[in-house]
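Some notes on the structure that comes next.
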Amino acid sequence: LGFIEGPCHSREVRVTPWLEDLLVIVAAPSHPIARAARTKRIGVTTLRAATWLMRELGSGTRDAVEQVLLPHLHHFQADMTLGSSEAIKYATAKGLGISCLSRYVVADLVAAKELIVLNTTLPPLRRRFAFVQRSDRQLSTALQKFVNLCKALVPT
């Protein structure tokens, strides 16, 4: 059993959709773009020119963020790369730049008002997660219970 984000084209695995994640663009409340977002929606020109904090090249999260942002921004630069989403959210909360992360990852700092979700002109940015398993195998009872628990924990 495994988890993937994005499509899978292998015939050797069975793919079961699981979770739709919303990626949000966040900044520290004191960041100039966040201050501007209080009175207007932030457009692509501002987003392209921003200082972006991103995961390192080759990271699944980095790939997902680029996949949802590039069709709208066409290009942007990762000014700082960090090895985990946790490091990115805390660096963003310190005002070092803006970032695009899972709503689940930033929920605690958004609730604490250390980060704000920017109001942008972009459409909702989504990625999908799925379970994968070999097509020629059945899940054990324990793994099926784990899958059921994962499905039950997904917020609606």
Side-chain angles (χ1 to χ4, degrees), residues 1-8 10 13 15-133 143 146-147 149-156:
L1 179 69
F3 297 95
I4 61 167
E5 55 183 319
C8 176
S10 173
V13 296
V15 178
T16 306
W18 172 44
L19 170 72
E20 183 177 89
D21 189 14
L22 185 64
L23 297 169
V24 293
I25 299 174
V26 292
S30 61
H31 192 281
I33 293 175
R35 288 195 306 266
R38 291 182 191 131
T39 58
K40 64 177 182 169
R41 294 173 71 195
I42 303 301
V44 295
T45 302
T46 300
L47 294 172
R48 276 188 206 119
T51 298
W52 283 89
L53 309 182
M54 304 276 292
R55 286 291 308 269
E56 71 283 359
L57 284 172
S59 151
T61 299
R62 168 82 175 252
D63 292 344
V65 167
E66 288 180 343
Q67 190 173 22
V68 297
L69 286 179
L70 285 174
H72 306 288
L73 301 184
H74 305 296
H75 65 83
F76 65 99
Q77 182 172 327
D79 296 291
M80 181 185 292
T81 58
L82 298 164
S84 74
S85 295
E86 288 292 306
I88 292 168
K89 82 175 181 179
Y90 285 107
T92 303
K94 293 297 182 188
L96 298 179
I98 68 172
S99 192
C100 182
L101 294 165
S102 166
R103 66 180 164 169
Y104 300 118
V105 169
V106 299
D108 57 341
L109 294 188
V110 170
K113 300 187 184 325
E114 294 180 45
L115 284 175
I116 65 163
V117 175
L118 297 178
N119 183 16
T120 73
T121 59
L122 300 179
L125 306 171
R126 302 186 193 304
R127 66 177 171 173
R128 290 176 174 75
F129 289 94
F131 300 104
V132 291
Q133 70 182 85
L143 278 178
F146 175 71
V147 167
L149 177 65
C150 290
K151 288 180 178 180
L153 292 175
V154 173
T156 55

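The structure displayed is predicted, hence computed values, not measured ones.
Of all heavy-atom pairs between Val65 and Cys100, the closest is CG2-O, 3.4 Å. The shortest non-hydrogen separation linking Leu82 to Glu56 is O-OE1, 3.0 Å. Nearest heavy-atom pair, Ala28 versus Ala93, reported as atom, atom and distance to 0.1 Å: CB-O, 3.4 Å. When all heavy atoms of Asp63 and Gly58 are compared, the closest pair comes out as OD2-O, 4.3 Å. Residue Arg126 comes nearest to Val68 through the heavy atom pair O-CG1, 3.4 Å, listed as atom of the first residue, atom of the second, then distance. Contact record, Leu125 with Leu122: CD1-CD1, 4.3 Å, taken as the closest heavy-atom pair.
The side-chain heavy atoms of Val147 and Gln133, taken from C-beta on, include no pair separated by under 4.5 Å. Annotation: side chain of Met54 is not in contact with side chain of Ser59 (no heavy-atom distance under 4.5 Å). Counting heavy atoms from C-beta outward, Arg48 and His74 have side chains that approach closer than 4.5 Å. Counting heavy atoms from C-beta on, the side chains of Glu114 and Lys89 never come closer than 4.5 Å. Side-chain contact check for Leu69 versus Leu23: every heavy-atom pair is 4.5 Å or farther apart.
For the atom pair OG (Ser10) and CD1 (Ile4), the distance works out to 9.5 Å, reported to the nearest 0.5 Å. The CG atom of Asn119 sits 7.5 Å away from the CD1 atom of Ile42 when rounded to the nearest 0.5 Å. If you take OG1 on Thr45 and CG on Leu73, they are separated by 9.5 Å, rounding to the nearest 0.5 Å. In this structure, NZ in Lys151 is found 12.5 Å from CG in Leu153, a value given to the nearest 0.5 Å. In this structure, the separation between CG on Leu53 and CE on Met80 is 5.5 Å, given to the nearest 0.5 Å. Of the inter-residue distances, the one linking His31 atom NE2 with Leu115 atom CG reads 11.5 Å to the nearest 0.5 angstrom.
For Ser99 (side chain) and Leu101 (main-chain N/O), no donor-acceptor pair under 3.5 Å exists by modelled atom type. Checked by atom type and distance alone, the side chain of Trp52 pairs as donor or acceptor with a backbone atom of Leu47 at under 3.5 Å. Judged purely by atom type and a 3.5 angstrom limit, Arg35 uses its side chain to pair as donor or acceptor with the backbone of Ser30. In this structure, Arg62 contributes its side chain and Arg55 its backbone to a donor-acceptor pair below 3.5 Å.
Aromatic ring orientation, Phe3 versus Trp18: tilted (interplanar angle from 30° to 60°).
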#### Entry: Verdict with reasoning, Leu22 to Tyr104, per side chain to side chain contact (heavy atoms under 4.5 Å, CB included)
CA-CA 8 Å; Leu22 185 64; Tyr104 300 118; over 6 Å; no
### Message
Run the side chain to side chain contact (heavy atoms under 4.5 Å, CB included) test on Tyr90 and Lys94 for me, step by step, so that the C-alpha distance in whole Å, both residues' side-chain angles and the decisive distance to 0.1 Å come before the verdict.
### Response
CA-CA 6 Å; Tyr90 285 107; Lys94 293 297 182 188; 5.7 Å; no
### Message
The test is side chain to side chain contact (heavy atoms under 4.5 Å, CB included); show your working for Thr81 and Leu57 and say whether it passes.
### Response
CA-CA 8 Å; Thr81 58; Leu57 284 172; over 6 Å; no
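The only member of Val24, Ile116, Thr92 that meets side chain to side chain contact (heavy atoms under 4.5 Å, CB included) when paired with Val106 is Val24.
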